[in-house]
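Numbered from 1 within each chain, the chains take letters A, B, ... in sequence-line order. Since this is a predicted model, take the numbers as computed values, not measurements.
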2 protein chains.
Amino acid sequence: MTALDHAALRAATGAADGEQDRRAEIYRSAARIFHRKGYHATSINDIAAAVGLTKAGLYYYIKGKQDLLFAIMGFAMDQLDEQVIEPARRVQDPRTRLETIVARHAQLITQDSSALTILVNELEGLLPDDRADIIGRQRDYVDFIADTLAALRDEGKVVGLDPTVGAFSLVGMILWISRWYRTDGRLDGEEVVAAVTRMAISAVLSRGDYTSAGNPEETG
Amino acid sequence: MTALDHAALRAATGAADGEQDRRAEIYRSAARIFHRKGYHATSINDIAAAVGLTKAGLYYYIKGKQDLLFAIMGFAMDQLDEQVIEPARRVQDPRTRLETIVARHAQLITQDSSALTILVNELEGLLPDDRADIIGRQRDYVDFIADTLAALRDEGKVVGLDPTVGAFSLVGMILWISRWYRTDGRLDGEEVVAAVTRMAISAVLSRGDYTSAGNPEETG
DNA sequence: AGTAGTCTACCGACCGCCCGGTAGGTTGGC
DNA sequence: GCCAACCTACCGGGCGGTCGGTAGACTACT
């Protein structure tokens with residue numbers, strides 16, 4: 001049934017032709033509300049009201065609150081796999097691969113950050129088994145980035161940077177976008193994606209003339 | 001009374017001589033539990049049990065759950081002001097100032113991330129007025145970083161980077177540390193602080209030979 | 001020295017509310 | 001007449017918070 005739920009959510013993100021895709025609307029609404037108020041602060045009633053149902057009516061479509069959360073996270077993880085990891089895996093050059101990862105991940109977030117943000121913020125709302133599942137997939141993602149940084153290091157383009165620390169830091173930078181980016185803000189999504197990607201690449205690539213942070217004497 | 005609460009929390013972080021500083025222990029415990037389980041998932045009973053009191057006994061010391069949260073966040077913001085912003089304000093050179101900001105903020109997080117993490121993750125648990133207060137102080141912090149980046153841009157050391165986007169991205173990188181850093185991990189706190197600081201500086205400083213990231217759509 | 005009063009630091013019992021979830025219908029299209 | 005798609009009414013339970021105590025240390029007065 002989780003697979004079914006994922007399918008519904010996937011349908012929801014596309015154009016909503018919607019017949020009995022009421023289920024899709026539910027997952028989409030739930031993701032939006034979980035994102036805005038947090039999982040624990042959101043009641044089943046909130047979600048039901050948002051889709052024009054009573055609580056009991058909602059339970060015709062869902063199994064429970066925790067399954068709803070797990071389904072949303074699973075969908076977000078699927079999105080990451082399909083839109084970020086798989087495309088990046090097909091890129092040989094490590095630097096271009098890193099650009100692909102950052103740009104595509106950032107792009108997903110600027111488009112719709114709900115599910116992807118829940119994915120990282122509501123882990124403790126899951127049952128232990130579900131949590132282990134999601135955490136494992138997240139670790140795979142970080143490892144994938146770290147491997148890419150290690151490849152860059154082997155090419156000599158990155159020196160003195162721990163790949164794991166680098167991977168985590170880039171992920172932090174990307175995920176934080178959902179906290180400050182506003183669709184109606186000064187910059188549009190493409191500009192934000194470009195700016196963050198540039199920073200990410202610059203953050204890991206070594207500069208020939210790099211001077212260590214330990215020397216504050218050059219203060220004017 | 002909030003000022004009093006802050007004082008209690010501040011005392012709590014130092015050596016706990018503790019006489020009737022029971023209050024300090026309460027705020028410290030609450031911060032730790034809020035950090036681990038989240039504000040909404042934490043019950044007043046959880047906190048009371050953690051300090052060896054009943055719920056009613058706990059209410060002798062606190063005014064309510066939301067005040068507890070606000071006090072913790074106010075304390076975290078005070079910490080940021082005193083340990084990061086004030087020291088950095090005394091640094092003239094923009095680059096060194098940026099290093100000071102990143103290093104000191106990162107250091108605070110590696111030392112004890114509870115309050116600082118709650119500060120960014122539990123905003124929606126606050127009453128509107130309290131939230132406005134905290135958000136305002138957070139915005140001041142981001143503006144302070146953005147101003148520093150703007151100063152670097154005026155020196156020609158940063159080109160083509162929007163200061164606001166830069167500031168947010170650095171903050172994201174720093175805050176994310178609390179999600180992956182473990183005291184008993186492979187790297188110790190100092191190493192993590194150094195690595196992140198280096199990445200942050202590298203992320204914003206321009207490289208002479210910078211080549212733009214291509215179009216990531218052409219993957220494949 | 002004795003005792004009455006006072007205050008700090010708590011506790012057991014309770015309140016009303018809302019939560020996630022369910023049982024048992026009802027209704028409208030096929 | 002049947003089944004998908006709902007609803008009304010309800011349940012047990014845990015929540016934040018309060019109330020009315022009270023043990024015991026300390027003080028004040030005689």
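Straight-line distance from the CD atom of Gln66(A) to the C1' atom of dC19(C): 13 Å, rounded to whole Å. Rounded to a whole Å, the CD1 atom of Ile47(A) is 11 Å from the P atom of dC19(C). For the pair Ile62(A) CD1 and dA5(D) C1', the computed distance is 15 Å after rounding to whole Å. Here the P atom of nucleotide dG16(D) and the CD1 atom of Ile44(B) are 6 Å apart, to the nearest Å. In this structure, CD of Glu25(A) is placed 14 Å from P of dA5(D), rounded to the nearest angstrom. A straight line from CD1 of Ile26(B) to C1' of dC10(C) spans 11 Å, rounded to a whole angstrom. One atom, CG of Leu69(B), and another, P of dG17(D), lie 12 Å apart when rounded to the nearest Å. The distance from atom CG of Asn45(A) to atom P of dT22(C) is 15 Å, rounded to the nearest whole Å.
Applying the 3.5 Å distance criterion, the base of dG20(C) shares a donor-acceptor pair with the side chain of Lys55(A).
In this structure, a donor-acceptor pair under 3.5 Å is absent between the side chains of Asn45(B) and Ser43(B). Inspection of the Tyr141(B) and His105(B) side chains reveals an N or O donor paired with an N or O acceptor under 3.5 Å.
By the 4.5 Å heavy-atom criterion applied to side chains, Tyr39(B) and Glu124(B) are not counted as neighbours. Between Arg186(A) and Thr164(B) there is a side-chain heavy-atom pair separated by less than 4.5 Å.
Considering Asp81(A), Asp143(A), Asp130(A) as possible partners of Arg137(A), the one that fulfils the salt bridge (charged side-chain N to carboxylate O under 4.0 Å, His left out) test is Asp81(A).
Mapping Leu58(B) and Asp46(A) onto DNA chain C by nearest heavy atom places Leu58(B) at the nucleotide closer to the 5' end.
The shortest distance between the side-chain N/O atoms of Tyr60(A) and the OP1/OP2 oxygens of dA5(D) is below 4.0 Å. OP1 or OP2 of dC10(C) has at least one side-chain nitrogen or oxygen of Arg22(B) nearer than 4.0 Å. Close to dT8(C), at under 4.0 Å from its OP1 or OP2, lies no side-chain N or O of Tyr61(B).
At a threshold of 4.0 angstrom between heavy atoms, the contacts of Leu53(B) are confined to the sugar-phosphate backbone, with no base atom among them. Using a 4.0 Å heavy-atom distance criterion, Ser43(A) is classed as a sugar-phosphate-only contact.
Counting only heavy atoms from C-beta on, Tyr59(B) has its side chain closest to dG17(D) among dC11(C), dA9(D), dG17(D). Residue Ala56(B) has its side chain nearest to dG12(C) when only dC19(C), dA23(C), dG12(C) are considered.
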